[in-house]
Protein chains: 2
Amino acid sequence: MTDPLDAIFAALSDPTRRAILTMLLEDDMAVTDVAEPFAMSLAAISKHLAILAAAGLIAREKRGRVKWCKLEPDAMRAASVWMQGFGQFEPVNLDAFERFLETELAGATEGGHDPLAD
Amino acid sequence: MTDPLDAIFAALSDPTRRAILTMLLEDDMAVTDVAEPFAMSLAAISKHLAILAAAGLIAREKRGRVKWCKLEPDAMRAASVWMQGFGQFEPVNLDAFERFLETELAGATEGGHDPLAD
DNA sequence: TGTTTCGTCAACCATGTGGTTGAATATGCC
DNA sequence: GGCATATTCAACCACATGGTTGACGAAACA
């Protein structure tokens, strides 16, 4: 697995792990709390979290005896950027798109656009 | 019961399959031609294509004795939409992308190359 | 017709993955 | 210190995955 995308997409291919990521969207969580809604052992969840962390999708930080998990957006962004090369939009110039986004954000940083409302 | 995203992300997690998708971005291809640049058997590539097709990422159509493979963008779009749920971290926003394309296409419609046009 | 090309199928193998259980390793609390 | 809590480690199991090779069917062509 040399390409980081291998680990990222593999991590995303499991429904338990996608559910964990969705939970972490609400808030950072301790491992035990992440495991609570799932019908599987804590050790299994711990493994899932290790896979997500290895893929760079989450970060884990130990405070006291509790290990907190939080989303790490860069990995998912890398996957998303790769995927933008496909779809009905081809061919596309990603560099130009990035420049476009910068000009957009330059005038809209205070805007209330909710990306989940789409 | 199994989420289609399972198959989509699993299919995308293999570098050979991602390379195949990238090749198909240029043009539709026959199975033998897809296999040509890879250092593995035709049967292995055939399996990869079956996995991509099962995930809905490509479609295969037999004309004569040649089976043509082409991209099927909807599946990847579904994965992209799921990732948009993490949009608070995600700068590659589909709305912005569409706006970007309008500005791009406004001056480049005569560019001509459009492998997905049917 | 027979042969070549295209692609899949079937069997097999090595390794990876997702789960279990039980022991081990912190850390916090009385 | 002694004990409960939080998390991981280690060994194990069933099954999936990615690859191989060889045989096979179907279409084109001499």
Side-chain angles (χ1 to χ4, degrees), chain A residues 1-24 27-70 72 75, chain B residues 1-24 27-70 72 75:
Chain A
M1 284 230 239
T2 58
D3 192 327
L5 288 177
D6 292 9
I8 294 169
F9 283 125
L12 292 177
S13 72
D14 184 276
T16 300
R17 289 193 290 264
R18 287 199 307 278
I20 289 172
L21 291 174
T22 302
M23 291 164 59
L24 291 177
D27 234 329
D28 299 355
M29 297 178 80
V31 175
T32 304
D33 295 329
V34 169
E36 194 272 332
F38 295 100
M40 70 180 69
S41 68
L42 184 63
I45 295 295
S46 182
K47 278 192 188 180
H48 280 304
L49 290 170
I51 290 169
L52 288 169
L57 286 159
I58 66 169
R60 289 176 299 174
E61 179 196 354
K62 193 169 180 181
R63 285 204 295 270
R65 63 182 166 177
V66 174
K67 210 160 184 178
W68 293 91
C69 308
K70 66 166 192 176
E72 200 65 47
Chain B
M1 187 89 169
T2 69
D3 193 323
L5 288 177
D6 292 10
I8 295 170
F9 283 124
L12 293 177
S13 73
D14 185 275
T16 300
R17 290 194 288 264
R18 286 198 308 278
I20 290 173
L21 292 173
T22 302
M23 290 163 60
L24 291 177
D27 239 328
D28 299 354
M29 296 178 79
V31 174
T32 306
D33 295 329
V34 170
E36 194 271 333
F38 295 99
M40 69 180 69
S41 69
L42 182 63
I45 295 294
S46 181
K47 279 192 190 180
H48 280 304
L49 291 170
I51 289 169
L52 288 169
L57 287 159
I58 67 169
R60 290 176 299 175
E61 179 195 354
K62 192 168 181 181
R63 285 204 295 270
R65 63 180 166 176
V66 174
K67 209 160 184 179
W68 293 91
C69 307
K70 68 166 190 172
E72 201 66 49

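Below, chain A is the first sequence line, B the second, and so on; all start at residue 1.
- In this structure, A/K62 does not reach the C/dA26 phosphate: none of its side-chain N or O atoms is under 4.0 Å from OP1 or OP2.
- For A/A43, counting side-chain heavy atoms from C-beta on, the closest listed nucleotide (C/dG22, C/dG19, C/dT4) is C/dG22.
- Checking C/dG18, C/dG19, C/dG7 against the side-chain heavy atoms of A/M40 singles out C/dG19 as nearest.
- Listed nucleotides: C/dG28, C/dT5, C/dT8. Nearest to the side chain of B/R65: C/dT5.
- Looking at the side chain of B/V31, the nearest of the listed nucleotides C/dT4, C/dG7, C/dG19 is C/dG7.
- The nucleotide range of DNA chain D contacted by chain B, defined by atoms under 4.0 angstrom from heavy atoms of the protein and reported 5' to 3', is D/dG18 to D/dA28.
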Would you tabulate the side-chain donor-acceptor contacts of residues 48-64 of chain B under 3.5 Å, counting partners in other chains and residues two or more places apart, or write 'none'?
| unit_1 | atom_1 | unit_2 | atom_2 | d |
| --- | --- | --- | --- | --- |
| B/H48 | ND1 | B/R17 | NH1 | 3.1 |
| B/E61 | OE1 | B/R63 | NH1 | 3.2 |
| B/E61 | OE2 | B/R63 | NH1 | 3.4 |

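- Between B/R60 and C/dT8 there is a side-chain polar atom (N or O) within less than 4.0 angstrom of OP1 or OP2.
- Shown here for A/S13 and A/A10, the closest heavy-atom pair between the two residues is OG-O, 2.7 Å.
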Let's go through A/R18 and B/D6 carefully: what are the C-alpha distance in whole Å and the side-chain angles of both, what is the deciding distance for salt bridge (Lys or Arg N to Asp or Glu O under 4.0 Å) to 0.1 Å, and is it a yes or a no?
CA-CA 9 Å; A/R18 287 199 307 278; B/D6 292 10; 2.5 Å; yes
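- With DNA chain C read from its 5' end, the first of the two nearest nucleotides for A/K47 and A/G64 is the one closest to A/K47.
- Here the closest non-hydrogen pair linking A/C69 and A/V31 is SG-CG2, 4.0 Å.
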